A.B. asks: 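Sending over a structure as structure tokens; questions will come in a sec.
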Protein chains: 2
Amino acid sequence: MMIATNEHFSSENIDEIRSYSIDQVAAQTGLTKRTLRYYEEMGLLPPTDRTGGNYRRYSDEDIHRIDHIKKLRDLLGFSLADIRAMLEVDDERGMLKEAYRQETEAAAKIDQLDRGDGLIRRQLQMIEQKIAGLEQMRTTLQATIERHERIRQQLSDNISSNT
Amino acid sequence: MMIATNEHFSSENIDEIRSYSIDQVAAQTGLTKRTLRYYEEMGLLPPTDRTGGNYRRYSDEDIHRIDHIKKLRDLLGFSLADIRAMLEVDDERGMLKEAYRQETEAAAKIDQLDRGDGLIRRQLQMIEQKIAGLEQMRTTLQATIERHERIRQQLSDNISSNT
DNA sequence: CCTCACATTGACGTAAACGGCAATCTTGTG
DNA sequence: CACAAGATTGCCGTTTACGTCAATGTGAGG
């Protein structure tokens with residue numbers, strides 16, 4: 001039973017469907033294995049594929065999702081509950097996208113798009129706010145450094161005039 | 001015994017030393033009273049002045065410090081332990097500033113400045129990183145919105161061509 | 001003077017986000 | 001094929017950052 005365990009590289013398959021062990025994913029994403037399992041348990045990550053021996057196998061898409069979660073967590077400071085809610089909206093949108101091929105209820109689709117955009121715009125607002133606050137912090141810190149620069153200069157002068 | 005409890009405004013004193021109750025500070029800073037007491041207990045805020053009846057009185061400087069703490073917490077996501085460590089460096093620098101008036105060990109002062117600047121530069125780096133990450137998120141979200149815009153446009157076309 | 005609203009400390013409680021251990025199963029390597 | 005290394009689930013422990021409650025003190029208004 002060939003499950004494409006994908007050691008070294010197996011470029012035998014045209015599909016090029018990479019998959020990674022939990023250890024690899026932990027190393028690459030900077031999360032711990034425990035955290036990865038926890039995120040799956042909490043519904044942030046969909047149940048991954050499994051090998052014959054019930055080992056988790058992460059896809060590239062999974063890794064993208066994990067990176068996204070990390071950004072929402074570390075850059076925006078959202079709670080996991082918040083993140084899950086957002087991802088659910090994204091997933092809904094993704095499912096809608098799937099349905100695009102067959103359905104024809106254009107009006108309903110537009111509504112869904114609007115709903116999704118609402119969330120996105122709120123996220124954008126938070127991002128703008130954060131950036132603004134950070135830029136302000138940056139300028140004050142830079143000002144402090146420059147002030148120190150001048151003080152240092154003056155201290156040097158004092159020293160030389162003191163010899 | 002007049003302690004200048006500072007109701008409405010008391011512009012009787014030239015010094016204009018404002019002080020605020022814990023309730024006022026909570027309202028203004030957006031922290032809870034519990035959190036303010038907690039931060040003091042944890043050493044993030046210095047023990048405030050007290051009224052005769054042992055009520056806390058916050059100064060404008062205290063409020064500045066609280067705002068700074070909020071930024072470090074909310075914008076940069078530091079733990080309270082991290083923040084305390086940073087503030088301790090700041091305080092050290094502040095004390096040094098005080099000593100500037102009498103002392104003359106210019107070399108030692110420069111060393112202290114260097115030490116402080118090290119921390120500041122690290123903070124600046126973190127800020128730059130966060131800003132960069134946030135800007136990237138922003139552009140991808142904006143791209144998504146624009147994509148949706150085009151899809152919406154196409155859906156509208158479909159509707160009109162469907163009547 | 002009484003009272004009712006607000007403050008204080010101390011103690012215990014708790015939600016979020018994992019960490020760590022045990023018992024069991026899987027798997028690549030000699 | 002034996003065996004050590006690594007994965008799984010289940011479960012309990014822990015830290016952080018507060019919330020909440022109780023007992024007590026304080027202080028301006030009627």
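Chain letters run A, B, ... following the sequence lines, proteins first, then strands; residues in each count from 1. These numbers come from a predicted model, not from an experiment.
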A.B. asks: Does B:Glu40 pair with B:Arg37 as a salt bridge, N-O distance under 4.0 Å?
C.D. replies: no

A.B. asks: Can you find a pair of side-chain heavy atoms, one from B:Asp62 and one from B:Leu45, that are under 4.5 Å apart?
C.D. replies: no

A.B. asks: Between B:Thr35 and D:dG19, does any side-chain N or O lie under 4.0 Å from OP1 or OP2?
C.D. replies: yes

A.B. asks: In whole angstroms, how far is the P atom of C:dT26 from the CD1 atom of A:Ile22?
C.D. replies: 17 Å

A.B. asks: Please confirm whether the shortest side-chain N or O distance from B:Thr32 to OP1 or OP2 of D:dG19 is below 4.0 Å.
C.D. replies: yes

A.B. asks: Is it the case that D:dT8 (base atoms only) and A:Arg56 (side chain only) share a donor and an acceptor within less than 3.5 Å, ignoring hydrogens and angles?
C.D. replies: no

A.B. asks: Can you measure A:Asp23 atom CG to D:dA5 atom C1' for me and round it to whole angstrom units?
C.D. replies: 11 Å

A.B. asks: Is any side-chain N or O of B:Tyr55 under 3.5 Å from a base N or O of D:dG25, one able to act as donor and the other as acceptor?
C.D. replies: yes

A.B. asks: When you check the phosphate oxygens OP1 and OP2 of C:dT9, does a side-chain N or O of B:Arg50 lie under 4.0 Å from one of them?
C.D. replies: yes

A.B. asks: Distance check needed: C:dC21 P versus A:Lys33 NZ, whole Å only.
C.D. replies: 13 Å

A.B. asks: Over how many whole Å does the gap from B:Tyr39 atom OH to D:dG19 atom C1' extend?
C.D. replies: 14 Å

A.B. asks: Name the closest nucleotide to the B:Arg34 side chain, picking from C:dA11, D:dA17, C:dA7.
C.D. replies: C:dA11

A.B. asks: Round to the nearest Å and state the distance from B:Leu80 atom CG to D:dT15 atom P.
C.D. replies: 16 Å

A.B. asks: Take atom CZ of A:Phe78 and atom P of C:dA15, then tell me their distance rounded to the nearest Å.
C.D. replies: 23 Å

A.B. asks: Quick check against the 3.5 Å criterion: does B:Lys70 have a side-chain atom that pairs as donor or acceptor with the backbone of B:Thr29?
C.D. replies: yes

A.B. asks: From OH of A:Tyr38 over to P of D:dT14, roughly how many Å is that when rounded to an integer?
C.D. replies: 17 Å

A.B. asks: If you only use heavy atoms from C-beta on, which nucleotide in C:dT8, D:dC18, D:dT9 is closest to the side chain of B:Arg37?
C.D. replies: C:dT8

A.B. asks: Provide, to the nearest angstrom, the distance between the CZ atom belonging to A:Arg57 and the P atom belonging to C:dT26.
C.D. replies: 16 Å

A.B. asks: Hydrophobic clusters here meaning ILVMFWY residues chained together by side-chain heavy-atom distances under 4.5 Å, can you tell me if B:Leu119 and A:Ile151 are in one?
C.D. replies: no

A.B. asks: So B:Asp90 and B:Arg65, do their side chains get closer than 4.5 Å, heavy atoms only?
C.D. replies: no

